[in-house]
Chemist: 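The structure that follows is given in the form of structure tokens.
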Amino acid sequence: MAVTPGRVALAVLPTPLTAAPRLADALGLAGRLLVKRDDLTGFAVAGNKARPLEVLLADAAAAGASVIVTGGATGSNFAAAAVAAAAYAGLPAVVVYAGTEPDRQHPNLAAARHWGARIQFTGDPARDSVDAGIADAAAKLEADGERPFPIPRGGATARSAAGFHWAAGELAGQLGGAGGRGRVTVITATGSGGTLAGLVSGTVALGRPWRLAGVSVSRPPAETRERVLAMAAGCARELGTPAPGPDDVELADGRGPGHGIASAEGRAAAALALETAGLVLDPVYTAKALAALPGILGQTAADPDLTTIFWHTGGLLDAVDEITAKER
Ligand SMILES: Cc1ncc(COP(=O)(O)O)c(C=O)c1O
């Protein structure tokens, strides 16, 4: 029988829900725009990743882990955040990155290193080379008598999605009675899919109080949809809540020129967010999600009674990477 996920408190919760009226105007929204500030989760600039890490750390502790093993691209926000979380739990971390040591360190790679990670490279630039790299590293550690706790890229698992299942409840509490499927739309960036999966599972558990849409920035939306639905279903099973169906996963294509490559639309959206709301967006996730927002809303943008919620998932070190790269 599944054991309900535990959590090690990392994030400062609830994260604020703030109004952005000038940004709403700039985006052409007749109704109000609220920003769910998961950029302010308050644990090691982890952004949205603090929530799944609370569950992953609890599971690592329950498994008696002696070392955390994860990986990603060198720009991975999750990998850096996982190293910080492991350090907080008193555990070493091994991080397997795709490719080879880059000439210029991304701030997330620098942070992972600075926070004590043992760094390895797969030698293959394909991001999915990391999956076998994590398994190999874990097997070697085990052979050396360690108790590794492998975590997939992005920290995306059906269990860790519980962090965002609970976040949906947090949002519902902040909205009070203001919900209603035609009255509230929630939009978030989607990469590995764990964030959206948890929100889907939580939204279904709450009786679908809003429309929820993800903006896929790494994989084609159809592929992301399958991943998210499978994880959301697994999350609902873990938590004993109603199963989501295919109609519960809505995804827009936010990839633009490709994963990790800034888009012109994203740059424009990030500039607007800074100028009208003081929000720092990153080029890989949040800027692309905000750029996709008007298209997702379509005609509903003209509805003065619609509340739109932009889930700010963080990505601060990616924003720093863009700023510092520009200045060279
Ligand atoms: C800043 C930021 N936003 C959004 C996401 C997407 O979250 P998920 O991977 O859970 O889909 C990530 C993932 O790394 C991220 O770093």
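Hydrogens, waters and symmetry mates play no part in the numbers below; they use all other heavy atoms, side chains included. Just follow the structure's listing: the first ligand is 1, and inside any ligand the first atom is 1.
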Chemist: Between T15 and K36, do the side chains contain an N or O donor and an N or O acceptor separated by less than 3.5 Å?
Modeler: yes
Chemist: Does a side chain donor of either W210 or T185 reach within less than 3.5 Å of an acceptor in the other side chain?
Modeler: no
Chemist: Could I get the full list of salt bridge (Lys or Arg N to Asp or Glu O under 4.0 Å) partners for R219, not counting sequence neighbours?
Modeler: E223
Chemist: Salt-bridge test for R267 and E322: reply yes if a basic N is under 4.0 Å from a carboxylate O, no otherwise.
Modeler: yes
Chemist: With sequence neighbours excluded, tell me which residues meet side-chain hydrogen bond (donor to acceptor under 3.5 Å, both in side chains) with T122.
Modeler: S129
Chemist: Using a strict cut-off of under 4.0 Å between a residue heavy atom and any atom of ligand 1, list the qualifying protein residues by chain and number.
Modeler: N48, K49, N77, A189, T190, G191, S192, G193, G194, T195, Y285, T313, G314, G315
Chemist: Sequence neighbours left out, cut at 3.5 Å: what donor-acceptor pairs do the side chains of residues 135-147 make with other protein atoms?
Modeler:
{"from": "E146", "atom 1": "OE1", "to": "S66", "atom 2": "OG", "distance (Å)": "2.7"}
{"from": "R147", "atom 1": "NH2", "to": "A63", "atom 2": "O", "distance (Å)": "3.3"}

